[in-house]
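One structure is given here, and the rest of the page talks about it.
As the structure is a computational prediction, the values presented were derived from the model and not from experiment. Just so it is clear, the values below take in all heavy atoms, side chains as well, and ignore hydrogens, waters and symmetry mates. Below, chain A is the first sequence line, B the second, and so on; all start at residue 1.
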Amino acid sequence: MSDVTLTIDGVQVTVPAGTNIVDAARQAGIAIPVFCYHPRLKPVGMCRMCLVQVGTPKVDPATRQPVLDANGQPVIAMMPKLQTACTTPVSPGMVVKTTTEEVRFAQRGILEFLLTSHPLDCPVCDKGGECPLQNLTMGWGPAVSRFDYNDKVHFEKPVKLGDLIYLDRERCILCGRCVRFQDEIADDPVLGFDNRGRNWMIISKSDPPFNSKFSGNTTDICPVGALTSSDFRFKARVWELQSKPVVCTLCPVGCNLTLDMRHDRLMRVMPRENAAVNDIWICDKGRYGHRFIEAPDRLTTPLVRRNGKLVPVSWDEALEVVADQLTLIRARHGGQALAGLAGPQLSNEDLYLFQKLLRELGSENIDTGIGGPAALPPDEIGGWLAPGPNTDLSKLGSGTVVLVIGADPEEEAPLYMLRLRGIAQRGGKLVVAGLRPTKLERSATQVVRYRPEGELAFVQGLLKAALEHSSRTATLERLAGWKELRAALERVSLNNLATACGLTVDGLNQLAKDFLTASQSLIVYGWEARSAGPALTEALAALMLLSGRTGTANNGIIALLPGGNSRGAIEMGVRPDAGPGYTPRKQRGLDANGIWDAAREGKVRAIWLAGVDPAAKLPVARAALEAAEFVIVQDLFLTASAEYADVVLPTASVAEREGTYTNAERRVQRSRQACAPVGESRPDWQIVAAVAQALAMVPIGGGRNGPIPVTTEAWSYMVAADVGNEIAAQVPGYAGITYAALAATGTGGSWGRQFDDAIYYDGTSYTNTEGVGLVLPALASKGTVNLTFTGKVTRFADERPMLLLEQVLAYDGDRHLRGSKLQSLIPRGYAAISADDAAKLNIHSGDRVRLISAAGEMVIPARVLADVPNGIILLPAGLADVMAAEIETGPRTRVNLAKVVTE
Amino acid sequence: MIRELVKGLGTTLRYMFKRPVTVQYPEVKRPVRERFRGRHELKRFANGQERCIGCALCAAACPADAILVIPAENDPANPRSPGERYAAVYEINMLRCIFCGYCEDACPTNAIVLEHQYELSFYDRRAAIYTKEMLLVPPDKGHGEPPPILQQLNRQPSPPAKIDL
């Protein structure tokens, strides 16, 4: 768009056409006060605070030429009335006056009116201190009010809008920022206005009230203390808080957070601006789900089992026991008798050292997660084909094609829903394909809904169509299995594939063509797509490679994996088949399920669990841990697995340590320490290093497996940055990703705390001083893609009428959610079925149903949901009371559904 | 020589018949001025409710960082103070306090008042931290009027809406 030059208070400023006067003035360094306007929302001009005088060059109606005065300057025709600066776009030659007496008079009047109904209870208000109404009243308001103080309208306070947000109606100035945020950005239009006149108020229209995963953001953008967070209610005054930058580890988005601490205690969690990741928003899981760091049942000392009981001991004692036992077992049974599982929320440093130690001890039995029937092999595609450096989803719009397949971003990675919706809103093409409706579909430009049997057909159809439009197969030709895949594609006709997935041949062709010819193309897939088997994601990888843009900025595949640092775990080599940076190992170790089997057979004798709790979910793991000779549990809490532990080591939470995390886009971000570790807990990397040091000190008793190869010198890391430097030096792809480099990556966007931000954007104006993170150089860009097309699809143990799919929920049984306000939002276990299926069996919501598979059966309450397709049962396996492993035969399971009839 | 001695003793003799300017502290205590700033008290309203609403403005105003306030939410059925908020923890470190009275100025409800007690001595530093229990006046000592000093200055603190001073 062309630029427009205008004059604001005598300052000439050139801005893109279409900019409104408020933003233009901001660029000129002039503050126009606003309440209802927010740069991320559409202007509405509701509050009238931004009134300014506007004039445009006078045009001669006859000649259509500007009228010039005696000096040759254009004559400015001022508009007869004040204009709202937020809704008035700039025009060439426009003259704006923001400081004239007329404007001042209007501003004073608006503030005087706003304050007539405002209770002025600033001393008890949580917004006090970062309140735009306070700031604007000080800056622009009248000193006195002509209205009677006792004539204010009072409402009963507070109104609970759900469990997370409180509404104080008498403080509300009815700017509608919250309503517009929910409508425009969150796509949860659950708030609205009610009544009129002095009883005009905000209400929640949903049941349960304020049913949105992004509700906390409304408290940030609320310009008064009308919407406050239940999590921070009367906890502290905002000026008493110390802001500490951390990275959220609850999902693979890696949102930048600010932990606001007081006296080393967490008061509240706020977003930290990072345009490329979370902009200025965070989801409620990130905002409210960090109370686990102050849970009273956190482990504080190491525990060692003595006479069947776990007793507190010192670190030295615990480490000695660990070192002795590991040495003994290794000497007797070899390194392969050791195994380790790490959780996907640990930092890169933890994960790197974890696998390094186990591999030095001669064990390749390393995996992320807990295994179980639904476990999938590590996702390589999202790593090899991740978007390249400088990826910034907030910049994408027109010219972008995003293919979301088998993912529910709102539940799996909530902030991605906002980012993807934003792309569609800015004119990008958002294709959402899946077995069932998701919330993202509402924002999609095209929705593809297929039956389970049509899912692979859709992707293969796209690939086949793309092959006709693209000749960029050079990279693909080098990959193992490509010839077979291509041959298989040639055997089926596009027509058959189109029919199978419910699209037309033209539709598939058009979509493939759009994808290939777009200036940016992204593929996002989640659990549903991965559970179909590798064939589906491999075809997506081939499609991405055909675009020829893999590895460049904003082009690539984003895989939504469970856990905050799941990508980091794969890249750090916490997997049985490859070391750090996707380098294949000569000898393949056991994956989690292999470890459980081997432990029961006595082949694996020592199991080290770092941040995972398999015993809570897997009967097979309980048996394996029971059988194992030596179990180390390294966790925040005394988990179910700790029942089987010989040594329990307390770890520091994400807030109590430094670390780097790699998100789903392969963006490495640095998290800082916000408070002192609880008790004697230590960061995981320190524990691993301490174990290594202890191992090096064990007197060598010989044995057939030789001395422990660990040396004290090699394991002397002082700070997390030492490990970070080793990762930068050792892990392929991480070169240059040092702590210093991460800290020097800018302030994360246009927001920041600029000259006048304190005045009207308080609460959200958190400057990101800690760097925005670096997207790793794409592995694919060097042409080194090393993928294998296996063509495997998920097989079923037997054929039964219903398809059981795991459903990922944001609010699930994650032990990190304990103690948070989200507890009441975590549902009890259920199996969701469609209305038709329910009607056939006369099942109503709440009835108990029996699910029978080849592996077993389970009785669970049913939930009849309109958006579940017929023939599919959704089982939220993450919930604490859903033991999905009892019936699952694989990532997907065929089951019989029956109603439990009680007499 | 003698003259000087007589002159000096004369002064002594003269003052023997004047009222002494010293008092026999601690047996006798000199009254302090109305606006004397001594040990703080947290006041109550006539109905026994605490005036302090836990807003922590006193702590913000304190130049010596002597005040710690940790607020909490009132139980609506049995509120300790008017409104939604009260001070769960209120501590003043008397060793840090410089008795400037800024806390009194900042208080929107006239809850904290520097009273006339000035005998503050401690055997250890911990004892110098006065807790809310020590600072709060007994329930029957509540009153509804603002303290005289504020009346005298005709200051109208901006109170929370629900609080009737």
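The line from OH of A:Y166 to CD of B:E84 is 9.5 Å long, rounded to the nearest 0.5 Å. The distance from atom CG of B:L68 to atom CD of A:E240, rounded to the nearest 0.5 Å, is 8.0 Å. The distance from atom CD1 of B:I53 to atom CZ of A:F234, rounded to the nearest 0.5 Å, is 9.5 Å.
No more than 12 heavy-atom neighbours from other residues, nucleotides or ligands sit within 6.0 angstrom of CD on A:Q242. Crowding of B:R125 atom CZ: a count of heavy atoms from other residues, nucleotides or ligands under 6.0 Å not exceeding 12. For B:Q24, the CD atom counts as loosely surrounded, since its 6.0 Å shell holds 12 or fewer non-hydrogen atoms of other residues, nucleotides or ligands. Annotation for B:Y25: atom OH counts as buried by contact number, over 12 foreign heavy atoms lying within 6.0 Å. The number of heavy atoms from other shown groups lying within 6.0 Å of CZ (A:F113) does not exceed 12. Annotation for A:F105: atom CZ does not count as buried by contact number, only 12 or fewer foreign heavy atoms lying within 6.0 Å.
Both the backbone and the side chain of B:A60 come within contact range of chain A, each with at least one heavy atom under 4.5 Å from a heavy atom of that chain.
Between the side chain of B:R85 and the backbone N or O of A:V124 there is at least one donor-acceptor pair closer than 3.5 Å. Judged purely by atom type and a 3.5 angstrom limit, A:R237 uses its side chain to pair as donor or acceptor with the backbone of B:C55.
Contact check for A:K235 versus B:I70: no side-chain heavy atoms found under the 4.5 Å cut-off.
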